[in-house]
Amino acid sequence: MRVLVVTAVAAERSSVTAAAGPAGPEDPAEPATPAETALPGGAVLHRTTAAGVTYDVLAAGVGPAAAAAGTATALTAAALAGAPYDLAVSAGIGGGFAPGAPLGGLVVARRIVAADLGAATSEGFLPVTELGFGVDAHPVDDALVRAVGAATGARPGAVLTVSTVTGTAARAAELAAAHPDALAEAMEGFGVAEAAAAHGVPVLELRAVSNAVGPRDRAAWRIGDALAALTKAFRALGPALTEAFRAMEAEPTATAIRPDEASAVTPAATSAVTPEDITEEGRRD
């Protein structure tokens, strides 16, 4: 099974590829050295194998546009080489809506939502779907959501994609009211989902929660814990993905969970973390 994993920055990419290495000091496994493959335009895939699944991991850059461009490049290159991917995954750290997504916990997307793609009007925000221009959300196959949740402990809910990180209580409350099923906020998932949809490739988003803020409070962030949780999740992910794809093949008409089926959550303030915050120092927190 071949999986494309798209992160924003190198620290997240390294946390994913580390899943192929030793699980701890008592693990006799040798540290993994990912193989590198250059893509058109200069981006580099880092390839590892864990639990029988081959992961090509790409740090595509911050935001939905960079994520979409990087994902589309990788998917196209794979298709032209005659080795298309089975799945595209948006992965990394992000802000969590408390109490549904605690610090250091994991969230798997039921819906990948472009939360700020649309138009501001005198009567409020109109998502791009209501304007008649495409979609503002991509559902994730229910078999994937359930298998990943069971294997990693990730909580299912909507993951919001934003182009501007939430930094005030007012904006956090606005997003929570508009998306009551939201559990996390990040900056790349919708871009990955758009590219995957264009190629007919299933998509998944997995986020490790590093912070739960409205007003930014760096002292409360747990970036190191979130990156470690991401590595642990990818160690467990292989069998779950294999199981999910078997279920998807057995039930080809199965659909993802609809937004109205998602359990209601009353979120608190949240924010994603910007790339300058993800430093080597942060990883040791």
Side-chain angles (χ1 to χ4, degrees), residues 1-22 29-94 112 161 186-199 201-208 210 223-224 226-235 237-238 241 272-283:
M1 182 176 185
R2 284 168 43 80
V3 176
L4 174 65
V5 182
V6 182
T7 71
V9 296
E12 295 167 319
R13 180 190 65 204
S14 296
S15 293
V16 174
T17 59
E30 293 293 326
T33 302
E36 297 185 7
T37 302
L39 291 172
V44 178
L45 293 173
H46 290 233
R47 177 171 294 177
T48 62
T49 300
V53 175
T54 297
Y55 298 101
D56 284 348
V57 191
L58 173 65
V62 175
T71 303
T73 299
L75 292 175
T76 300
L80 291 175
Y85 290 105
D86 299 297
L87 176 69
V89 181
S90 177
I93 66 175
I112 301 172
T161 299
M187 301 181 75
E188 293 77 34
F190 189 78
V192 174
E194 283 279 273
H199 281 260
V201 175
V203 69
L204 176 72
E205 184 166 10
L206 183 64
R207 292 287 166 181
S210 58
I223 294 173
L227 291 171
L230 196 63
T231 300
K232 185 177 180 181
F234 271 87
R235 287 200 176 103
L237 208 55
L241 295 180
V273 176
T274 51
E276 68 269 17
D277 304 320
I278 306 177
T279 63
E280 289 303 313
E281 180 178 359
R283 294 186 67 192

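Bear in mind that the values here come from a model prediction, so they are computed numbers and not experimental data.
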Min side-chain heavy-atom separation [X]-[Y] under 4.5 Å:
X: Leu237; Y: Val53; answer: no
X: Ser14; Y: His46; answer: no
X: Glu188; Y: Val62; answer: yes
X: Leu4; Y: Leu45; answer: yes
X: Val3; Y: Leu204; answer: no
X: Phe234; Y: Val5; answer: yes

OG/Ser210 to CG/Leu230 distance, rounded to the nearest 0.5 angstrom?
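Spacing of OG (Ser210) from CG (Leu230) equals 10.5 Å.
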So how far is it from Leu58 CG to Glu12 CD, rounded to the nearest 0.5 Å?
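Going from the CG atom of Leu58 to the CD atom of Glu12 covers 12.0 Å.
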For a quick test of reading the model, state the closest non-hydrogen atom pair linking [X] to [Y] and the distance between them.
X: Ser90; Y: Gly189; answer: OG-CA, 3.4 Å
X: Thr161; Y: Pro64; answer: CG2-CB, 4.1 Å
X: Glu205; Y: Ala186; answer: OE2-CB, 4.1 Å
X: Ala226; Y: Ile93; answer: CB-CG2, 3.7 Å
X: Pro202; Y: Ala196; answer: O-CB, 4.5 Å

With side chain to side chain contact (heavy atoms under 4.5 Å, CB included) as the test, pick out the partner of Pro34 among Thr48, Thr49, Val57.
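So the option named by the test is Thr48.
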Taking only residues two or more places apart in sequence, or in another chain, which ones meet Thr7 in a side-chain hydrogen bond (donor to acceptor under 3.5 Å, both in side chains)?
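Thr7 satisfies side-chain hydrogen bond (donor to acceptor under 3.5 Å, both in side chains) with no other residue.
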What side-chain donor-acceptor pairs closer than 3.5 Å can you find for residues 65-87, not counting sequence neighbours?
from	atom 1	to	atom 2	distance (Å)
Thr71	OG1	Ala67	O	2.7
Thr73	OG1	Ala69	O	2.9
Thr76	OG1	Ala72	O	2.8
Thr76	OG1	His199	NE2	3.3
Tyr85	OH	Asp56	OD2	2.6
Asp86	OD2	Arg2	N	2.8

